[in-house]
2 protein chains.
Amino acid sequence: MPTSTPVTESGGRRLRADAERNRARVLNAARELFAERGANVSMDEVARHAEVGVGTLYRHFPTKEAMVVAASQQRFGEILTYYRTVCRESAEPLEALQMLLTRVGEVEARDRGFASVVGGTLGSEGPPSTMRADLEAELVDLVGKGQASGSIRRDIAGADILALTCGLTSIVHRRSGDWRRYIDIVLDGLRSDHITP
Amino acid sequence: MPTSTPVTESGGRRLRADAERNRARVLNAARELFAERGANVSMDEVARHAEVGVGTLYRHFPTKEAMVVAASQQRFGEILTYYRTVCRESAEPLEALQMLLTRVGEVEARDRGFASVVGGTLGSEGPPSTMRADLEAELVDLVGKGQASGSIRRDIAGADILALTCGLTSIVHRRSGDWRRYIDIVLDGLRSDHITP
DNA sequence: GAGTCAAACGGAGGGAGGTTCCGTATGCCA
DNA sequence: TGGCATACGGAACCTCCCTCCGTTTGACTC
């Protein structure tokens, strides 16, 4: 369900009605095509699918990369929401982490564009920065809790979980085997109960 | 040190002297440029750097991707050799694995083209197939030994190590933090001594 | 050495994809 | 309804990868 609040440009100015409509069409087309085939879809094709000219694409997004990122932002938000729910319901940090990573993998397996963005196959450096910061904050919190309760080893930081997520992403993205098992392996590696001091 | 044995085409036919010379120049240029800047170097640039026409590039390598792979094959061979030495000298499978992964990370950190190939950022599916098969065979052997001696958990196959290596690669490639620590985490996850049966 | 010919070379040009530019259309506000 | 900033479309441009073909050159024979 797309936002019904008035869409604004990054400048904060309000969009003209046709511009708002077109922006939505473009985002929908982008989400659909990128999810199915990854970033390997031409701008012409997105434009055609959205029934819009290429120029309009560039009116709304500075580059193709920005468009792919914008198209996956929704997924990112969904995952963050899910994760917060899990945290509220589950007491055990490692369990919450497992559910998060599994969800990320599932979404990535279904949405190749999202996987590209998370994995950063697209030139720059990973997930959209605000989203990344939000998730990292949550993870810092979680890791802290796990360390306090003694379940997570001490030499880990919240940011490490993000890096490990990127690693998982590349495995999911390349469809090598059953990625769920790798989550278990990494989680076992994060436990503190088998470290010899 | 380049091979001094007569270079032959994949067909097995012997190359003409100028062709052999040019092939070496191209490979050297490719190795240098790709190591430094990843696969993000144009064929024109490689040709200019090798003082050769673009056509010559395509006489020796069918596609750019094939060239990047060929340029990183040497590195792959070095790593395999190193790994075999380690295996001969070290009795402990997990230790050998740690040394292998560390070496892979070090080479990737220094050679972005190699990292692209291992990570498979390049379209198709990972390391050159013969090299991949050789390494996988070694890993199957190693994992078997570790499982027999009880140090490695039972639900792991040799191929899993390759997948995990791809994950590590994407972390190294993106320069996120200190990748060496992630090796320790994964290796701890591979141990059998903390699994509750 | 000179002749012959397959092998190899160079680089212009085809084609695809991302991005820009600008003349035209259109929503918005007075 | 008129004026104008905003937005649109798509041709054109640039950069890449790759192909094609006329020219050059090494290798082998006589």
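Chain A is the first sequence line, chain B the second, and so forth, proteins listed ahead of strands; every chain is numbered from 1. Note that the structure is predicted; figures quoted are calculated from it, not measured.
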Output yes when at least one side-chain N/O atom of B/Arg16 is less than 4.0 Å from OP1 or OP2 of C/dA8, else no.
-> no
5′-ward residue of the pair A/Glu51/B/Pro62 relative to DNA chain D | A/Glu51
Assign each of B/Lys64 and A/Asp18 to its nearest nucleotide of DNA chain D by heavy atoms, then name whichever residue's nucleotide is nearer the 5' end.
-> A/Asp18
Just how far, in rounded Å, is P of D/dA7 from CZ of A/Arg25?
-> 17 Å
Nucleotide D/dC14, atom P - distance to CG of B/Asp44 in whole Å = 16 Å
Hey, does the side chain of A/His60 come within less than 4.0 Å of D/dC8's phosphate (OP1/OP2), counting only N and O?
-> yes
May I ask you to say what B/Val46 touches in the nucleic acid, namely base, sugar-phosphate or nothing, with a heavy-atom cut-off under 4.0 Å?
-> nothing
Would you kindly give the CG-to-C1' distance between B/Leu15 and C/dC9, to the nearest whole Å?
-> 14 Å
Whole-Å distance between C/dG18 P and A/Arg59 CZ?
-> 20 Å
Could you tell me whether A/Arg153 and B/Asp188 make a salt bridge, using a distance below 4.0 angstrom between a side-chain N and a carboxylate O?
-> yes
A/Tyr58 side chain N/O closer than 4.0 Å to the phosphate oxygens (OP1, OP2) of C/dT20?
-> no
Taking 4.0 angstrom as the limit, do B/Glu106 and B/Arg180 come out as a salt bridge?
-> yes
In whole angstrom, give the distance that lies between atom CG of A/Leu57 and atom C1' of D/dA7.
-> 13 Å
Could you tell me the separation between the CE atom of B/Met67 and the C1' atom of D/dC16, rounded to a whole number of Å?
-> 13 Å
Taking 4.0 angstrom as the limit, do A/Arg181 and B/Asp160 come out as a salt bridge?
-> yes
Rounded to whole Å, the CZ-C1' distance (A/Phe34 to C/dG17) equals 12 Å
Pair A/Glu138 + A/Arg84: basic N to acidic O under 4.0 Å | yes
Determine: side-chain N/O of A/Thr56 to OP1/OP2 of D/dA7, distance under 4.0 Å, yes or no.
-> no
Atom-to-atom span, CZ of B/Phe61 to C1' of C/dA8 - whole angstrom | 15 Å
Is the shortest side-chain N to carboxylate O distance from B/Glu36 to B/Arg110 below 4.0 Å?
-> no
Could you tell me whether B/Asn22 contacts a base, only the sugar-phosphate backbone, or nothing, with contacts defined as non-hydrogen atoms closer than 4.0 Å?
-> sugar-phosphate
Picking from C/dC9, D/dG26, D/dA11, which would you name as closest to the side chain of B/Ala19?
-> C/dC9
